[in-house]
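Heads up, the thing below is written out as C-alpha cells.
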Amino acid sequence: MNVQGSNFIAVERWSGKALFSEWEVTQAGAVEVRDPATNEVIASVGLGGAADIARAAAEARQAQRAWAKMLPTARAAILSKAADLLEQNGAELIPWIIRESGSIQPKAGIEIEHGALFIRHAANLAIQPMGLMLSGFDDRTNYAKRVPHGVVGVISPFNFPLVLSVRAIAAALAVGNAVVHKPDPRTPISGGIILARIFEEAGLPKGVLQIVPGGAEAGEALCSDPNIAMVSFTGSARGGSKVGELCGKHLKRVQLELGGKNALVVLDDADLDVAASNAAWGAFLHQGQICMATGLVLAHENIVDGLTERLVAKAAHLPAGDPSTGQVALGPIISDNQVETIQAIVDDAVAKGAKLLAGGTHDGRFYAATVLSDVKPGMRAFEEEIFGPVACIVSFSSDAEAIELANMSEYGLAAGVLSQSVGRAMALGEELHVGQLHINDQTVNGGPFAPFGGRGKSGNGTRIGGPADLEEFTQWMWISVKDEATAYPF
Ligand code: NAD
C-alpha cells in the first residue's frame, strides 16, 4: 500500500521482516496485518518468537555501549531529526494508522503530532544535567551520576500504537539505553515499522533499536531475557500482572502503565451543553478504546436528566463506519472478540436495571455510540474497563457520594471534574484516587510534559513522561575519588 504516492515507508525494505541490526525474517515466520474495518490484508511483517527476542536482545546489548558513550548532543540531534521526519511524512503515514488501527483521521493525526512531541521531549532529556556533587565525610570527591539501565524492553498495545510505543522508546534512547521493542502484532506498522523507519533515516546507529512484533510469548521472553535490564509495559492489568511477575522473578526494573475506569464528575453548576460534549468525547473517542476513556459519567441528581438528554442526542448523531472511506466519528472495534465483550457488558447492565438510551447494537465491528443510564455498582458496566463506545451514567446526590462512587474502582488512572466553581471541583478532585486529575476537562488527556500513570490496578506506581523519564530510564551510580589510595588498619 503506497497511500500518497510518496514512499517514505518503503514497504519493500521490511515486508515479512522485523528490525534486528538489519531488516531480516524472523524464525517464528510472518504475520498478516489486517484492516479491522474491512479485514483486508494491508501488509505482512516478521513475527517474533522467543528465539527472535533473544537474538534482538543480544544484538541490542552489543550496540548499547557505544550509543551510551555518544555525546548527548549527538543523541539529541538524532532524536530531533526523527521527530522532523515523522512530521514531514505525516500525510503519507496517517492513512497507515487509519487503516491498521481503525482510527478516525483526527486521532491518527494526534498520533503523529504527539509522537513528534514525545521525541522532541526526549531530545531535550538527552542534554539535561545527569548528576550531583555529594558532600561526603572525608576529603575525597563524591558524586552521583544517572546511568542508563542497558537494554530496555518496550511492550505496547494496539489502541494508540505509535504514541504509546514512542513515548517509552524515545525516552529510553535519549539517556543512552538500547531498546528491544515488541509492538502488538495487530498494529506493528503504526506501533513499530513507522518508528523504525524514522530512526533509521535519522541516523540511529544500527542495533540500538530492534523492533520485533509479537504476542504474549515474545513479550514474556523479553521479561525473562538476561540481556534486558528493564521492561516498560503498556497494556491491560492482566498482561501487566504477568509481566510484573516475570520481571520480579528475573529481578528487572519494570514500568507498568495499565487500564482505567475513569470517572468524569459533573457537578450541578456545570454548563450542560459543554458537559455533554466532554462526556461524548471522553467516552466515544477512538470507540472508547483508550485507557483514559471516560468509563463513568457521575452526574449530580439535579442535572442528570438534562445531561443525559444532551448526551443521547449527541450519541445519535455520531456515525460509525470505515474511517478510510468516509467521514465518520467512530471507526471499527479492533476485533470480533472485543465486540462480543462490549455487547455482553451492555446486556448485563440492561438485565440488572440500567436503561439503554442510545446504541447498544453493532453492525459487524462498528459498534454504535451507546448511552446507559442508571448504572450502579454490581453491574459489569460500573466495574469493568469496557474498551468500547459506552457512556455509563451514574447519578449522585452529594460531593461526598461522588467521591465514594469514583473511588470504588480498583483502577486509579484519570478523573475529570466539571464545575463553575474551581475551588469546589478541586476540593472534590483531590480526594480521588487517581494518577491524573483534570479540573474542567474530561478524562482523555496526555502529553510529553506530564508524568503519566495511575494508582491501584492502573499500574505499579511508575510514571512515564515529563519529569518522570529521567527517574524511570536511568539509575544512580555513586562514584568516589581519592587523590591516592590510603592504608586501612588491616
Ligand atoms: P494486552 O495486555 O492484551 O496487550 C498489550 C501488549 O502486551 C501487547 O503487545 C501484547 O502482545 C502484550 N502482552 C499480552 N500478554 C502478555 C504477556 N503475558 N506477557 C508479555 N506481553 C504480553 O492489552 P490490550 O487489550 O491489547 O490493550 C488494551 C489495554 O491496555 C487496556 O486495558 C488499556 O487500558 C491499556 N492501556 C493502558 C495505557 C496506559 O498508559 N496506562 C495506555 C493504553 C492502553
Side-chain angles (χ1 to χ4, degrees), residues 31 36 47-50 53 101 107 111 114 118 153-168 180-188 190-192 211-225 228 231-247 249-250 252 254-262 285-295 333-335 337-338 341-342 384-388 409-414 434-436 443-447 450-465 468 472:
V31 62
L47 180 72
I53 292 291
S101 62
K107 184 267 185 186
E111 292 239 37
H114 279 224
F118 271 102
V154 175
I155 300 175
S156 63
F158 70 87
N159 63 328
F160 250 89
L162 192 150
V163 166
L164 297 174
S165 302
V166 83
R167 68 178 182 175
V180 177
H181 174 46
K182 187 210 79 60
D184 189 298
R186 292 169 295 186
T187 49
S190 329
I211 299 191
V212 185
E217 184 209 340
E220 291 186 14
L222 206 53
C223 300
S224 313
D225 193 284
I228 301 286
V231 174
S232 174
F233 175 89
T234 302
S236 64
R238 196 169 65 161
S241 169
K242 185 69 191 170
V243 165
E245 184 186 329
L246 282 172
C247 288
K249 180 172 172 196
H250 295 280
K252 295 186 198 311
V254 63
Q255 179 180 50
L256 300 175
E257 303 296 334
L258 311 178
K261 181 72 178 173
N262 313 291
L285 179 64
H286 199 42
Q287 300 80 262
Q289 301 170 118
I290 304 182
C291 56
M292 304 162 276
T294 297
I333 300 296
I334 193 71
S335 67
N337 277 351
Q338 183 53 22
T341 303
I342 298 165
E384 293 180 30
E385 180 182 45
I386 302 179
F387 245 52
S409 175
E410 291 180 293
Y411 291 104
L413 191 57
V434 291
Q436 40 221 347
T443 54
V444 180
N445 276 289
F452 187 100
R455 294 154 84 173
K457 230 170 90 174
S458 294
N460 61 341
T462 54
R463 296 291 182 268
I464 188 163
E472 296 290 339

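Atoms within each ligand, like the ligands themselves, are counted from 1 in listed order.
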Does an N or O anywhere in [X] fall below 3.5 Å from an N or O of ligand 1?
X: V243; value: no
X: E220; value: yes
X: T234; value: no

Just which atoms of ligand 1 are under 4.0 Å from any heavy atom in [X]?
X: L258; value: 37 (C), 38 (C), 39 (C), 41 (N)
X: N159; value: 43 (C), 44 (C)
X: K242; value: 18 (N)
X: A216; value: 15 (N), 16 (C), 17 (C), 19 (N), 20 (C), 22 (C)
X: F387; value: 28 (C), 31 (C), 33 (C), 34 (O)
X: C291; value: 33 (C), 34 (O), 36 (N), 37 (C), 38 (C), 39 (C), 40 (O), 41 (N), 42 (C), 43 (C), 44 (C)
X: L164; value: 42 (C), 43 (C)
X: D184; value: 8 (C), 9 (O), 26 (O)

Looking at ligand 1, does [X] have a heavy atom less than 4.0 Å from it?
X: R167; value: yes
X: R186; value: yes
X: A293; value: no
X: F160; value: no

Looking only at non-hydrogen atoms, which of G235, S458, S236, G239 approaches atom 2 (O) of ligand 1 most closely?
-> S236

Identify the heavy atoms of [X] and [Y] that sit nearest to each other, and give their distance.
X: A168; Y: S232; result: CB-OG, 3.6 Å
X: I342; Y: I386; result: CG1-O, 4.1 Å
X: P157; Y: G235; result: CB-CA, 4.4 Å
X: A221; Y: A50; result: CB-CA, 3.8 Å
X: T294; Y: T443; result: OG1-OG1, 2.7 Å

When rounded to the nearest 0.5 angstrom, what distance separates OG in S409 from NZ in K457?
-> 8.0 Å

What distance do H181 atom NE2 and I155 atom CD1 have between them, rounded to the nearest 0.5 Å?
-> 10.0 Å

Does a side-chain heavy-atom distance below 4.5 Å link [X] with [Y]?
X: K182; Y: V212; answer: no
X: P36; Y: F158; answer: no
X: F160; Y: H114; answer: no
X: L258; Y: F233; answer: yes
X: R186; Y: D184; answer: yes

Part of [X] with heavy atoms under 4.0 Å of ligand 1, whether side chain, backbone, both or neither:
X: E257; result: both
X: S156; result: backbone
X: E385; result: side chain
X: L246; result: neither
X: L222; result: neither

Who's the nearest protein heavy-atom neighbour of [atom], and how far?
atom: atom 21 (N) of ligand 1; result: G219 CA, 3.7 Å
atom: atom 27 (O) of ligand 1; result: P157 CB, 3.6 Å
atom: atom 7 (O) of ligand 1; result: F233 CE1, 3.1 Å
atom: atom 25 (O) of ligand 1; result: F158 CE2, 4.1 Å
atom: atom 12 (C) of ligand 1; result: I155 CG2, 3.7 Å
atom: atom 11 (O) of ligand 1; result: K182 NZ, 3.0 Å

Closer than 4.0 Å: a protein non-hydrogen atom to atom 4 (O) of ligand 1 = no

Will you find, in the side chains of T234 and E257, an N or O donor that is under 3.5 Å from an N or O acceptor?
-> no

Where the side chain of S156 meets the backbone of S165, is there a donor-acceptor pair that is under 3.5 Å apart?
-> no

State whether the side chain of Q255 and the backbone N or O of E472 hold a donor-acceptor pair below 3.5 Å, judged by distance alone.
-> no

Ionic contact status for K107 with E111, cut-off 4.0 Å = yes

